Amino acid sequence: QVQLVESGGGLVQAGDSLRLSCAASGRTFSSYAMGWFRQAPGKERENVAAISRSGSNIVYADSVKGRFTIFRDNAKNAMYLQMNSLKPEDTAVYYCARRATPFSDRYYHVPRDYDNWGQGTQVTVSS
């Protein structure tokens with residue numbers, strides 16, 4: 001079982017930037033598609049961005065396109081989410097997740113495709 005640890009969340013003002021990091025244990029990180037999800041109070045968990053195992057295929061939620069960038073460094077077993085021009089509606093707990101099965105070089109944006117989740121990091125954007 002892989003361990004995923006998010007970091008980088010915090011309290012910022014609208015318009016600010018944050019970079020979230022996800023550190024993964026183990027030696028198979030590069031075999032799996034990964035994703036960032038978020039969940040705000042009273043709302044369902046939603047995909048923010050997803051990336052294929054090679055990093056060549058990426059998808060973003062419409063709400064974050066042009067503001068967020070997902071990328072990964074397979075040599076460091078790490079994935080990142082650069083968040084710019086943050087808005088109050090971006091406030092949520094952000095989770096990184098690893099897809100359940102390896103090797104496909106596609107992205108996956110549905111939560112049920114993932115079976116390994118981090119503990120989450122809180123992002124709060126004040127207006």
Side-chain angles (χ1 to χ4, degrees):
Q1 191 80 353
V2 68
Q3 274 195 316
L4 302 173
V5 180
E6 303 96 336
S7 61
L11 172 62
V12 297
Q13 293 187 331
D16 286 350
S17 297
L18 280 175
R19 178 177 289 189
L20 304 184
S21 299
C22 174
S25 64
R27 292 185 284 182
T28 60
F29 179 77
S30 63
S31 297
Y32 291 84
M34 300 287 294
W36 284 101
F37 293 78
R38 68 185 180 188
Q39 189 164 20
K43 295 189 176 181
E44 292 189 355
R45 189 169 298 190
E46 64 171 349
N47 179 243
V48 174
I51 188 167
S52 66
R53 65 184 184 99
S54 71
S56 59
N57 296 301
I58 290 172
V59 66
Y60 295 99
D62 287 343
S63 58
V64 307
K65 278 181 184 175
R67 300 188 298 121
F68 290 12
T69 302
I70 185 173
F71 57 104
R72 63 190 295 166
D73 186 338
N74 286 341
K76 295 184 177 180
N77 278 16
M79 179 179 66
Y80 307 93
L81 185 68
Q82 177 66 41
M83 306 187 295
N84 298 330
S85 302
L86 283 161
K87 303 176 180 180
E89 50 264 43
D90 294 319
T91 295
V93 178
Y94 284 71
Y95 300 90
C96 70
R98 193 189 78 170
R99 191 189 176 226
T101 54
F103 304 128
S104 171
D105 201 29
R106 290 176 50 204
Y107 56 74
Y108 297 83
H109 57 87
V110 177
R112 65 173 179 267
D113 285 325
Y114 294 81
D115 68 346
N116 284 279
W117 296 82
Q119 82 288 350
T121 185
Q122 177 71 46
V123 172
T124 303
V125 184
S126 64
S127 57

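The structure presented is a predicted model; accordingly, all values stated were derived computationally and were not measured.
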May I ask you to decide if Val5's main-chain N or O and Gln119's side chain share a donor-acceptor pair within less than 3.5 Å? no
Starting at SG of Cys96, measure out to CD of Glu6 and round the result to the nearest 0.5 Å. 4.0 Å
Got a second to check how far Asn74's CG is from Ser54's OG, nearest 0.5 Å? 8.0 Å
How many angstroms lie between atom CZ of Arg19 and atom CG of Asn84, to the nearest 0.5 angstrom? 9.0 Å
Ser25: partners by side-chain contact (heavy atoms from CB on, under 4.5 Å), with sequence neighbours left out: Val2, Gln3
Quick test of your reading: applying side chain to side chain donor-acceptor pair (under 3.5 Å), list the pairs with at least one residue in residues 39-49, sequence neighbours left out, ordered by first then second residue. Arg38-Glu46, Gln39-Arg45
So, for Val93 and Gly120, which heavy atoms are closest and what is the spacing to 0.1 Å? CG1-CA, 3.8 Å
Would you compute the distance between atom CE of Met79 and atom CG of Leu20 and round it to the nearest 0.5 angstrom? 9.0 Å
Give me the atom names and distance for the closest heavy-atom approach of Gln122 to Thr91. NE2-CG2, 4.0 Å
Does the side chain of Thr101 come under 3.5 Å of the side chain of Arg99 through a donor N or O and an acceptor N or O? yes
The criterion is side chain to side chain donor-acceptor pair (under 3.5 Å); which residues satisfy it with Lys65, sequence neighbours excluded? Asp62
Could you go through Asp105 and Asn57, starting from their C-alpha distance and side-chain angles, then the distance that decides it, and tell me whether this counts as side-chain contact (heavy atoms from CB on, under 4.5 Å)? CA-CA 7 Å; Asp105 201 29; Asn57 296 301; 3.9 Å; yes
Step by step, would you call Met83 with Val123 a side-chain contact (heavy atoms from CB on, under 4.5 Å)? CA-CA 10 Å; Met83 306 187 295; Val123 172; 3.9 Å; yes
Of the non-hydrogen atoms in Ala49 and Leu81, which two are nearest, and what is the gap between them? CB-CD1, 4.3 Å
Can Gln13 and Ser126 be said to form a side-chain contact (heavy atoms from CB on, under 4.5 Å), step by step? CA-CA 5 Å; Gln13 293 187 331; Ser126 64; 3.7 Å; yes
Pairs where residues 77-108 contributes a residue and the test ring pair (Phe, Tyr, Trp, His ring centres under 6.0 Å) is met, not counting sequence neighbours: Phe71-Tyr80
Rounded to the nearest 0.5 Å, what separates atom OG1 in Thr28 from atom CG in Asn77? 8.0 Å
When hydrophobic residues are tied together by side-chain contacts of less than 4.5 Å, even through go-betweens, does Phe68 share a cluster with Val12? yes
To the nearest 0.5 Å, what is the distance between CZ on Arg98 and CG on Asn116? 4.5 Å
Please check: side-chain N/O of Arg72 versus main-chain N/O of Gly55, any donor-acceptor pairing under 3.5 Å? no
Tightest non-hydrogen contact, residues Ser17 and Gln82, listed as CB-NE2, 4.0 Å
What ring pair (Phe, Tyr, Trp, His ring centres under 6.0 Å) pairs are there with at least one residue in residues 20-66, not counting sequence neighbours? Phe37-Tyr114, Phe37-Trp117
For Ser127, all residues meeting side chain to side chain donor-acceptor pair (under 3.5 Å), sequence neighbours excluded: none
Report whether Ile58 and Met34 are members of the same hydrophobic cluster (ILVMFWY, side-chain heavy atoms less than 4.5 Å apart, transitive linking). yes
